[in-house]
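Per chain, numbering begins at 1; letters A, B, ... match sequence-line order.
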2 protein chains.
Amino acid sequence: MPKKKTYHHGDLKNALIKAGVEILAQDGVSGMSLRKVAMKAGVSHSAPYSHFADKQALIAAISTEGFRQLYERMSAVAEEYNSQPSKQLIEAAWAYVQFALDDPDRFKVMFSGILEKEKEYPEFVAESQRNFQLVKSIVELNQAAGILRSGSSDLTALSAWGIIHGFAMLLLEGQIPHAILELKSLRKLVEFQLKQIMLA
Amino acid sequence: MPKKKTYHHGDLKNALIKAGVEILAQDGVSGMSLRKVAMKAGVSHSAPYSHFADKQALIAAISTEGFRQLYERMSAVAEEYNSQPSKQLIEAAWAYVQFALDDPDRFKVMFSGILEKEKEYPEFVAESQRNFQLVKSIVELNQAAGILRSGSSDLTALSAWGIIHGFAMLLLEGQIPHAILELKSLRKLVEFQLKQIMLA
DNA sequence: CTACAATCTTTACACTGTCAAGATTGAGAG
DNA sequence: CTCTCAATCTTGACAGTGTAAAGATTGTAG
């Protein structure tokens with residue numbers, strides 16, 4: 001599919017999202033300007049305003065796309081280990097942490113409040129809720145198997161998410177003491193975290 | 001203590017940090033510009049450069065100050081309930097979440113990677129480690145009392161921190177479904193989170 | 001084929017972080 | 001007490017930012 005060099009780009013909206021993700025990975029959050037994104041997409045600096053109300057809207061779109069990919073990864077793992085609840089839980093958590101490590105800046109954008117008024121972006125809200133539903137279903141399977149404490153699956157899902165999310169966050173921000181990181185592999189640390197809330 | 005209107009401010013460094021915290025609380029992360037901070041401190045727009053190498057350095061100072069206050073709050077609670085391990089744990093966690101809620105934007109600045117090269121600010125690193133040490137000591141007390149699983153106190157402290165930090169983060173970002181928030185008080189939710197990793 | 005609406009460009013503006021050069025001043029040396 | 005200097009603060013400038021307004025281009029519906 002060769003890129004046509006017409007006045008109308010054809011699929012600028014997605015091209016901008018893609019360019020944004022790339023610049024994010026390359027230059028970090030503070031290095032991602034609308035103008036750079038536009039230039040990378042081969043378009044004038046205010047062309048983005050035909051597709052996004054402002055920079056926040058582009059960030060919302062990037063975040064939403066990120067949630068979609070996160071869902072893909074975790075749901076793939078969940079399906080693969082559908083018959084082994086505890087393994088499903090651990091592998092999904094590992095996928096979550098890997099996702100964070102693969103593209104730390106996008107992960108930060110998704111979760112660190114760079115996006116300020118999330119409620120104004122319904123797609124973003126829907127996609128993030130879809131992820132929570134996935135976690136919840138994994139948790140429920142583990143509760144049924146006696147691996148996680150029974151009780152509100154919402155609250156327990158929140159615990160599971162929280163413990164892994166907290167770990168990922170502290171990891172990305174370098175807040176985890178080096179001594180700990182040298183002690184065990186990341187993978188083992190994730191398992192350790194989860195085992196704190198697992199019964200068996 | 002009347003403010004003298006001299007050419008030399010006298011304590012501009014601390015005044016800038018204070019002004020920064022105030023603007024942060026008022027206008028949010030994206031609204032905190034160096035120039036606004038300088039104006040609020042009653043000083044020209046590039047005066048800050050006599051005390052901070054760049055904007056990141058001011059942010060580092062604000063974060064460091066934040067960690068100091070967080071430590072104060074948690075250690076006060078820890079001392080108060082020094083003879084009741086489980087209560088000490090819960091109250092310290094509650095203090096942590098309250099700190100996050102009292103000034104969400106400062107909390108975000110401290111933990112959300114707005115500060116990009118933390119390692120270059122040794123005071124920041126020291127202060128954040130001091131907090132972790134405090135958590136560790138609380139955890140160790142609870143391990144000794146059979147309330148938390150025994151084993152590496154570093155790793156267990158990481159779990160406790162992670163589960164509460166994750167909760168606080170999801171809370172601040174509005175990622176916690178409303179249904180859950182309506183179900184229980186925040187205080188009860190924090191307890192619920194911790195009880196996931198508590199034995200008794 | 002034509003008109004319109006969507007898309008993209010150009011131009012402009014206020015604001016940002018940062019730097020360089022100069023003004024002011026407090027404090028120590030003599 | 002005076003001189004001097006280094007620390008501190010101001011002024012002025014610059015490139016880069018987000019965004020709004022007005023105009024140019026073009027695919028497409030009628």
Rounded to whole Å, CE of B:Met39 lies from P of C:dC15 at a distance of 9 Å
Enumerate the residue pairs fulfilling salt bridge (charged side-chain N to carboxylate O under 4.0 Å, His left out) with a member in residues 150-160 of chain A, sequence neighbours excluded, ordered by first and then second residue.
-> A:Lys136-A:Asp154
Between C:dG26 (C1') and B:Leu12 (CG): distance, integer Å = 16 Å
Double-helix bend of the helix from C:dC1-D:dG30 to C:dG30-D:dC1, axes at both ends from 5 pairs, round to 10°, gives 0°
DNA chain D: 5'-proximal contact among B:Lys13 and A:Gln56 (nearest heavy atom) | B:Lys13
Apply ring-ring contact (aromatic ring centres under 6.0 Å, His included) to B:Phe124 and list each qualifying residue two or more places apart in sequence or on a separate chain.
-> B:Phe67
B:His51 vs D:dC9: side-chain N/O to OP1/OP2 distance below 4.0 Å = yes
N/O-N/O pairs, protein side and nucleotides 15-18 of chain D side, under 3.5 Å:
{"residue": "D:dT17", "atom": "OP1", "partner": "A:Ser33", "partner atom": "OG", "Å": "3.2"}
{"residue": "D:dG18", "atom": "OP1", "partner": "A:Leu34", "partner atom": "N", "Å": "3.0"}
{"residue": "D:dG18", "atom": "OP1", "partner": "A:Lys55", "partner atom": "NZ", "Å": "3.0"}
{"residue": "D:dG18", "atom": "OP2", "partner": "A:Leu34", "partner atom": "N", "Å": "3.0"}
{"residue": "D:dG18", "atom": "OP2", "partner": "A:Arg35", "partner atom": "N", "Å": "3.4"}
{"residue": "D:dG18", "atom": "N7", "partner": "A:Arg35", "partner atom": "NH1", "Å": "2.5"}
{"residue": "D:dG18", "atom": "O6", "partner": "A:Arg35", "partner atom": "NH1", "Å": "2.9"}

Counterpart residues, salt bridge (charged side-chain N to carboxylate O under 4.0 Å, His left out), relative to B:Asp27 (two or more places apart) = B:Lys36
Results of salt bridge (charged side-chain N to carboxylate O under 4.0 Å, His left out) for B:Lys117 - residues two or more places apart only | B:Glu120
Rounded to whole angstrom units, what separation is found between the CG atom of B:Leu16 and the C1' atom of D:dT8?
-> 12 Å
So CD of B:Gln143 and OG of B:Ser150: to nearest 0.5 Å the spacing works out to 6.5 Å
Qualifying residues under ring-ring contact (aromatic ring centres under 6.0 Å, His included), relative to B:Phe107, sequence neighbours excluded = B:Tyr96, B:Phe111, B:His165
Using the test salt bridge (charged side-chain N to carboxylate O under 4.0 Å, His left out), find all partners of A:Lys55 that sit at least two apart in sequence or belong to another chain.
-> none
Return no unless some side-chain N or O of B:Ser44 is found under 4.0 Å from OP1 or OP2 of D:dT10.
-> yes
For the side chain of B:Ser46, counting heavy atoms from C-beta on, which of C:dC8, D:dT10, D:dC9 is nearest?
-> D:dT10
Mind checking who shares a hydrophobic cluster with B:Tyr81, ILVMFWY linked at side-chain heavy-atom distances under 4.5 Å?
-> B:Val77
Quick one: A:Phe52 CZ to C:dC8 P, roughly how many Å, whole number?
-> 11 Å
How about B:Thr64 and B:Glu123: does a side-chain donor come under 3.5 Å of a side-chain acceptor?
-> no
